[in-house]
Trainee: 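This is the structure I want to talk about, given as structure tokens.
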Amino acid sequence: MGFTMAFNLARQGIPFTILEAGNKIFDDPRAGTIHPPTLEMFANVGVTPKLLEQGFIVHNYHYRDRREGLIANFDLSVLKDETEFPFRLMLEQHKICYILRDLLKDTPKSEVLMEHRITKVEQDAEGVRAHVETPDGPKIFEGRWMVGCDGGRSQVRKSMDVKFDGFTYPERFLVLSTRYDFAEHGYAITNYIADPEEWCALFKVPGHDNKGTWRVVFPTRDDETEEQLFNEDAVQARIQGFNKKSGTYEMFHRNLYQVHQRVASNYRDGRLMVAGDAAHINNPLGGMGMNFGLHDAFNLSDKLGQIWHEGASHDLLDLYDRQRRTVAQEYLQRQTIENKKNIEQRDPAERAQFYADLRAIVASPDKLHSYLMRVAMIEGIRRANSIQ
Ligand SMILES: Cc1cc2nc3c(=O)[nH]c(=O)nc-3n(C[C@H](O)[C@H](O)[C@H](O)COP(=O)(O)OP(=O)(O)OC[C@H]3O[C@@H](n4cnc5c(N)ncnc54)[C@H](O)[C@@H]3O)c2cc1C
């Protein structure tokens with residue numbers, strides 16, 4: 001989120017400093033799905049051709065049952081009259097950061113400072129002061145505004161007078177990465193696979209060598225330790241249980257994520273704002289969290305531009321809060337909570353009804369259009385922009 005925010009400030013000629021705690025761009029296997037509105041926003045600033053060069057285009061995705069097989073095939077081309085990009089793009093978040101970092105090189109009066117961890121933030125009527133741990137010792141950075149794009153545990157948010165209410169799921173999500181080609185078994189590039197015992201999400205991203213890496217996401221039991229979960233035999237048993245094949249799976253990443261559903265009670269406190277996971281966190285089913293955060297960054301940078309160049313009222317920052325926080329509650333939280341509930345549904349009658357609904361949706365172009373307008377995040381953007 002930080003790089004998108006900075007890129008949009010830079011193209012408006014607004015100086016910025018990125019303070020990043022890590023010594024490199026965080027390249028954990030997390031977000032990999034980009035939805036149509038995000039591609040539209042990046043297209044408006046000339047970045048989408050670079051994303052398309054590196055990503056995999058997904059025209060359709062599958063909803064499956066682990067035992068019954070394919071339930072519904074969602075064809076995104078029904079959105080062709082709504083967006084220039086009627087598809088999902090699979091490209092990892094850190095690669096978006098690399099592209100933006102390269103575009104930001106040589107931006108005047110601006111800096112990207114790695115190994116700079118914010119420990120405290122203060123503000124007064126004129127500006128903000130960040131206390132920062134750096135390789136050269138503690139330093140203070142000053143500015144007119146600060147946008148916390150510092151993730152779920154945001155220090156900037158903790159310095160604001162806001163709550164981060166919601167809940168944390170008891171189970172963690174295990175993500176395994178392999179080069180094994182699941183397409184040979186009829187899977188699409190993106191698949192949501194329901195099961196009352198052990199659901200699964202399976203998708204293909206370009207990976208380190210851009211030749212394709214498959215990620216498999218499983219829920220875990222609350223009582224399983226990290227050591228048990230990462231044990232080679234346990235990992236092989238879990239993935240073989242999902243898709244039996246001869247020989248072992250070559251696995252090059254195993255990651256465990258705690259999953260939450262939370263939204264900040266306000267995205268603005270004076271001269272401090274939050275965007276991305278610092279403002280809202282949710283489970284990854286549907287691939288929405290990063291996209292939503294990118295939409296925050298485009299929205300907020302545009303408003304900061306109006307304040308900087310046109311002397312617009314600071315009240316615009318409250319509009320940012322109203323627009324983005326409302327849709328985080330109405331769309332992001334609601335949809336992702338529903339996605340998890342559906343994929344793990346234990347009640348056979350409820351599950352059968354859900355599958356019947358999905359089949360009815362894909363059988364009707366009108367229903368499919370209206371469903372995909374919501375889950376492809378187009379409706380949420382239009383709703384946000386309608387808020388005054
Ligand atoms: C398994 C999984 C799959 C997912 N898939 C998708 C998907 O397909 N599509 C999607 O839209 N979303 C997805 N998400 C969600 C997505 O990954 C997050 O919403 C997104 O990464 C949030 O980005 P961010 O920039 O807000 O926060 P982060 O990526 O967490 O970045 C925060 C940055 O702030 C830095 N930082 C933290 N504290 C400080 C500090 N005190 N001082 C300075 N720097 C600091 C960190 O080092 C980090 O670089 C997925 C999540 C998971 C777990």
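When a ligand or atom number is given, it counts from 1 through the structure's own listing order. Residue numbers run from 1 in the order of the sequence given.
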Trainee: Give a yes/no verdict on whether any heavy atom in R153 is under 4.0 Å from an atom of ligand 1.
Mentor: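 Flag not set, R153 not near ligand 1.
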Trainee: What do we get for S154 next to ligand 1 when only non-hydrogen atoms under 4.0 Å count, side chain, backbone, both or neither?
Mentor: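 No part of S154 comes within reach of ligand 1.
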Trainee: Ion pair present between R172 and D222, side-chain N to carboxylate O less than 4.0 angstrom?
Mentor: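 Here R172 does not pair with D222 in a salt bridge, since their nearest N and O are not under 4.0 Å apart.
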Trainee: Would the F141 and H116 ring centres measure less than 6.0 Å apart?
Mentor: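 They qualify: ring centres under 6.0 Å apart.
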Trainee: Would you mind checking which non-hydrogen protein atom is closest to atom 48 (C) of ligand 1, with the distance to 0.1 Å?
Mentor: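 Going by distance alone, atom 48 (C) of ligand 1 is nearest to E20 OE1, 3.5 Å.
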Trainee: I need the nearest protein heavy-atom contact for atom 21 (O) of ligand 1: residue, atom name and distance, please.
Mentor: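 Sorting protein heavy atoms by distance from atom 21 (O) of ligand 1 puts Q93 OE1, 2.5 Å first.
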Trainee: Are any of the N/O atoms on G152, whether in the backbone or the side chain, positioned under 3.5 angstrom from an N/O atom of ligand 1?
Mentor: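 By distance alone, the answer is no.
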Trainee: Aromatic rings F42 and F298: how do their planes relate, parallel, tilted or perpendicular, breaks at 30° and 60°?
Mentor: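 Rings of F42 and F298: perpendicular, as their planes differ by over 60°.
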Trainee: Would you say the rings of F3 and H94 are close, in the sense that their centroids are separated by under 6.0 Å?
Mentor: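 Ring centres of F3 and H94 not closer than 6.0 Å.
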Trainee: Considering non-hydrogen atoms of the protein only, which is the closest contact for atom 52 (C) of ligand 1, and what is the distance?
Mentor: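 Protein heavy atom with the smallest distance to atom 52 (C) of ligand 1: P284 CB, 3.8 Å.
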Trainee: Mind checking whether V175 contacts ligand 1 via backbone (N, CA, C, O), side chain (CB onward), both or neither, at a 4.0 Å heavy-atom cut-off?
Mentor: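 It is the side chain that gets close, since no backbone atom is under 4.0 Å.
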Trainee: May I ask you to check whether D277 has an N/O atom sitting below 3.5 Å from an N/O atom of ligand 1?
Mentor: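 Indeed, backbone or side chain, D277 has an N or O that close.
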Trainee: For atom 44 (N) of ligand 1, what is the closest protein heavy atom, and at what distance to 0.1 Å?
Mentor: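 That would be A21 N, 3.0 Å.
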Trainee: Are the aromatic ring centres of F292 and Y331 under 6.0 angstrom apart?
Mentor: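 Centroid distance F292-Y331: not below 6.0 Å, so no.
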Trainee: Does L19 come within less than 4.0 angstrom of ligand 1, counting non-hydrogen atoms of the residue?
Mentor: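 It does, in that a heavy atom of L19 comes within the 4.0 Å cut-off of ligand 1.
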Trainee: Give me the nearest non-hydrogen protein atom to atom 41 (N) of ligand 1 as residue plus atom name, then the distance to 0.1 Å.
Mentor: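 Ranking protein heavy atoms by distance from atom 41 (N) of ligand 1, first comes I118 O, 3.0 Å.
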Trainee: Less than 4.0 Å between a side-chain N and a carboxylate O, is that true for R238 and E198?
Mentor: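 Salt bridge: yes.
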Trainee: Examine G32 against ligand 1 and note whether any of their N/O atoms are separated by less than 3.5 Å.
Mentor: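 The answer is yes, given that G32 and ligand 1 share an N or O pair closer than 3.5 Å.
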Trainee: Determine the interplanar angle of the Y63 and F354 rings, folded into 0 to 90°, and report it as parallel if under 30°, tilted if 30 to 60°, perpendicular if over 60°.
Mentor: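 Ring orientation, 0 to 90° scale: perpendicular.
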Trainee: Looking only at protein heavy atoms, which one is nearest to atom 13 (C) of ligand 1, and what is the separation?
Mentor: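 The closest heavy atom on the protein side is A31 CB, 3.4 Å.
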Trainee: Looking only at protein heavy atoms, which one is nearest to atom 25 (O) of ligand 1, and how far off is it?
Mentor: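 For atom 25 (O) of ligand 1, the nearest protein heavy atom comes out as M1 N, 3.0 Å.
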Trainee: Which residue owns the protein heavy atom closest to atom 15 (C) of ligand 1, what's the atom, and how far is it?
Mentor: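 Minimum-distance protein heavy atom for atom 15 (C) of ligand 1 reads M290 N, 3.9 Å.
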Trainee: Is it possible for you to check whether R157 lies under 6.0 Å from the centre of the six-membered ring of F164, through NZ or CZ, and within 45° of that ring's axis?
Mentor: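 Judged by the rule (NZ or CZ under 6.0 Å from the ring centre, within 45° of its axis), R157 counts as positioned above F164.
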Trainee: With a 4.0 Å cut-off on heavy atoms, is G293 in contact with ligand 1?
Mentor: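 It does not; every heavy atom stays at 4.0 Å or beyond.
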Trainee: For this output row, return yes or no: ring centroids of F173 and Y257 closer than 6.0 angstrom.
Mentor: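 When the ring centroids of F173 and Y257 are compared, they turn out to be at least 6.0 Å apart.
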Trainee: Less than 4.0 Å is my threshold; does some heavy atom of Y257 fall inside it relative to ligand 1?
Mentor: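 Yes; Y257 lies near enough to ligand 1 that a heavy-atom distance drops under 4.0 Å.
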Trainee: Could an N or O of ligand 1 be found under 3.5 Å from any N or O of G289, whether backbone or side chain?
Mentor: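 Between G289 and ligand 1, an N or O pair is found under 3.5 Å apart.
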Trainee: I'd like to know if D296 and R324 make a salt bridge, using a cut-off of under 4.0 Å between side-chain N and carboxylate O.
Mentor: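 Yes, charged N to carboxylate O under 4.0 Å.
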Trainee: Which of parallel (below 30°), tilted (30 to 60°) and perpendicular (above 60°) describes F218 and F242?
Mentor: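 F218 and F242: perpendicular rings.
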